[in-house]
Amino acid sequence: MKFTLFILFISTLSLFSKNNDIKSLISQVEIDSLIKNVRVLSGEDSAYVEDSQTIISHRVSGNGNDLAAYYIREILESYGLPAFEHDYREGGKNIYAIQEGSRFPEKRYIICAHYDSVTDFCADDNASGVSTVLEAARILSSHQFEYTIIYALWDEEEIGLIGSDYFAKQAKENNEEILGVINFDMLAWDENNDGLYDIHSDNNSQELVDKVLSINKDYNIPLNHRLYNPGVPATDHASFAKQGFSAITFGEAFFSGDDNIHYHKATDKVSEFNLDYYLELSKLAVGTLASLAKPSLETSIKESGYYDLIKIKNYPNPFSYSTQIYYSLASSSNIELALYDILGNKVLVLDKGFRNLGGHTIELNGNDLVAGNYFIILKISDSSYFLKINKMER
């Protein structure tokens with residue numbers, strides 16, 4: 001009996017600790033941080049992108065939106081996350097970063113938004129969603145979670161969900177364990193100040209909906225929801241729902257009668273935001289993701305020396321068509337990054353030469369590889385770092 005009570009006490013203590021962690025993480029969401037990235041992405045402020053001071057004048061895919069993609073990648077890398085730039089087709093570029101889980105690294109939650117637009121500015125649609133994803137990365141990247149988190153920003157949503165559709169199909173083909181996808185599309189318009197927001201879901205995503213609602217209630221976030229099931233098919237969660245993954249979108253009450261009068265216009269600027277509403281929706285986003293991914297009771301990533309390590313990772317793994325190889329250097333060095341078969345034969349040199357400290361991404365095209373196990377080996381001076389990868393049959 002005493003042993004049972006002890007176990008119950010430990011379980012309650014653990015739950016209390018994790019609940020306090022969620023409350024603390026929610027409290028770290030800052031409107032100034034959110035608006036800073038919105039202003040840069042919508043072209044109202046300049047920023048350093050690839051070592052040059054520049055203005056992101058637009059995010060229209062057809063007219064070239066690489067500056068926005070590079071800015072997003074650099075922000076994610078600045079938080080110590082392996083960031084991947086995936087040119088899935090000419091003119092289409094997804095950006096995503098991976099925070100590996102401490103207990104269940106193969107099981108993943110995705111938090112995402114589209115970064116492309118239809119005209120200039122487009123602060124609400126959808127720089128607001130992108131900035132919320134970046135804010136989640138800023139806060140959560142310095143903590144450990146039991147499940148892996150993917151911070152993803154999709155291209156070409158405005159012309160048919162092309163970027164997210166490509167990623168979702170590849171994830172399905174690779175049998176990835178994606179436990180849930182939370183997408184944000186337009187988070188900052190609340191003209192009547194009633195705190196109403198929309199949730200778009202389907203019958204496969206009730207657990208995600210319940211988590212959003214419980215975070216909203218348990219942490220006293222002053223918002224009210226309206227649920228749509230089935231949800232609107234014209235935003236990025238639908239790409240994942242179509243592949244059988246649990247996925248939702250939440251955002252402002254666009255379908256509940258409070259649609260943004262500046263939608264798809266160059267008048268969609270930060271000055272039109274309801275800042276209090278945007279802050280609360282972003283708190284709800286961070287709290288929901290953190291609760292799903294489950295804070296680890298171990299030391300934080302920064303305290304454990306995460307940023308001091310030389311890292312080599314790839315995504316997806318296993319893969320059918322292509323995979324992104326990411327490596328980071330603690331200092332500028334001469335390197336060789338190569339692919340080896342299981343017999344130790346060098347199959348392909350992926351990267352070689354003097355490389356600056358920080359993160360680097362290389363795409364491995366698997367078209368000419370037979371299915372099976374391989375090794376990626378990163379050689380730096382007299383040291384080698386190994387990564388096992390698997391090429392699947394198509």
Side-chain angles (χ1 to χ4, degrees), residues 14-41 45 47 71-72 74-83 96-102 109-113 127-153 180 182-184 187-188 195 197 211-223 250-251 270 273-307:
S14 174
L15 180 60
F16 176 78
S17 176
K18 289 188 177 184
N19 286 343
N20 274 351
D21 283 345
I22 302 300
K23 184 177 181 179
S24 174
L25 294 169
I26 290 173
S27 72
Q28 293 175 50
V29 180
E30 298 177 357
I31 192 62
D32 288 347
S33 177
L34 288 162
I35 293 302
K36 173 183 178 293
N37 283 322
V38 172
R39 290 185 64 86
V40 171
L41 287 165
D45 287 344
Y71 175 78
I72 291 165
E74 290 176 6
I75 292 294
L76 290 169
E77 288 178 342
S78 75
Y79 302 142
L81 295 168
Y96 49 92
I98 301 175
Q99 182 174 343
E100 193 167 278
S102 60
Y109 285 98
I110 298 177
I111 179 173
C112 56
S128 64
V130 174
S131 187
T132 295
V133 173
L134 296 179
E135 182 72 350
R138 179 184 72 83
I139 296 166
L140 303 186
S141 59
S142 61
H143 297 266
Q144 287 186 334
F145 292 86
E146 296 184 2
Y147 295 87
T148 290
I149 299 171
I150 298 178
Y151 306 92
L153 293 313
I182 306 173
N183 182 62
F184 309 119
L187 300 175
Y197 68 99
K211 180 60 70 173
V212 173
L213 299 185
S214 69
I215 295 297
N216 199 154
K217 178 182 177 182
D218 295 346
Y219 296 95
N220 300 311
I221 298 174
L223 296 170
F250 73 75
V270 176
F273 279 18
N274 184 322
L275 296 181
D276 290 339
Y277 176 75
Y278 182 34
L279 176 62
E280 297 302 333
L281 267 180
S282 296
K283 287 180 177 179
L284 181 59
V286 170
T288 299
L289 175 63
S291 182
L292 287 167
K294 294 187 178 179
S296 171
L297 294 180
E298 303 167 14
T299 183
S300 75
I301 290 174
K302 284 181 179 176
E303 290 170 348
S304 67
Y306 177 89
Y307 293 114

Per side-chain contact (heavy atoms from CB on, under 4.5 Å), Asn37 is matched among Ile75, Asp45, Val133, Val130 by Ile75
Ser296 side chain to Glu146 backbone, donor-acceptor under 3.5 Å: no
Spacing of Asn216 atom CG and Leu284 atom CG [to the nearest 0.5 Å]: 5.0 Å
Search all heavy atoms of Ala136 against all heavy atoms of Ile111 and return the closest pair with its distance. CB-CD1, 3.8 Å
For residues Leu223 and Phe250, determine if any side-chain heavy atom of one lies less than 4.5 Å from a side-chain heavy atom of the other. no
To the closest 0.5 Å, what do you measure between CD1 (Ile139) and OG (Ser33)? 7.0 Å
Minimum heavy-atom separation for Ala47 to Val40, with atom names? CB-CG1, 3.6 Å
Using the side chain to side chain donor-acceptor pair (under 3.5 Å) rule, collect all pairs that involve residues 280-291, keeping only residues at least two apart or in two chains. Thr132-Ser282, Lys211-Ser291
For Leu81 and Ala97 the tightest heavy-atom approach is CB-CB, 3.9 Å
Between Leu25 and Ala290, which heavy-atom pair has the shortest distance, and what is it? CD1-CB, 3.7 Å
Under the rule for side chain to side chain contact (heavy atoms under 4.5 Å, CB included), what residues qualify as partners of Ala127, not counting sequence neighbours? Val38, Leu41, Arg59
Atom CZ of Phe145 and atom CG of Leu140: how far apart are they, to the nearest 0.5 Å? 4.5 Å
Can you find a heavy atom in the side chain of Leu76 that is under 4.5 Å from one in the side chain of Leu153? yes
Determine whether Tyr109 and Leu289 make a side-chain contact, defined as any pair of heavy atoms from C-beta on separated by less than 4.5 Å. yes
Could you tell me which non-hydrogen atom of Gln99 sits nearest to which non-hydrogen atom of His143, and how far apart they are? NE2-O, 2.7 Å
For Ile31, check side chain to side chain contact (heavy atoms under 4.5 Å, CB included) against everything at least two apart and list the hits. Leu34, Ile35, Leu275, Tyr278, Leu279
Among residues two or more places apart or on two chains, list those pairs meeting salt bridge (Lys or Arg N to Asp or Glu O under 4.0 Å) that have a residue in residues 28-37. none
Supply the atom-to-atom distance Ile22 CD1 to Leu292 CG, rounded to the nearest 0.5 angstrom. 9.0 Å
Carefully, step by step, assess Tyr151 and Tyr96 under the rule ring pair (Phe, Tyr, Trp, His ring centres under 6.0 Å). CA-CA 5 Å; Tyr151 306 92; Tyr96 49 92; over 10 Å; no
With rounding to the nearest 0.5 angstrom, report the CD1 to NZ distance, Ile215 to Lys23. 13.0 Å
Using the test side-chain hydrogen bond (donor to acceptor under 3.5 Å, both in side chains), find all partners of Ser131 that sit at least two apart in sequence or belong to another chain. none
Return the set of residues passing salt bridge (Lys or Arg N to Asp or Glu O under 4.0 Å) with Glu77 (not counting sequence neighbours), or none when no residue passes. none
Minimum-distance pair of heavy atoms, taken over all atoms of Ala285 and Phe184: CB-CZ, 3.3 Å
Within 6.0 angstrom of Asp218 CG, more than 12 heavy atoms from elsewhere: yes
Pairwise side-chain contact, Ile182 with Val212, heavy-atom cut-off 4.5 Å (strictly under): no
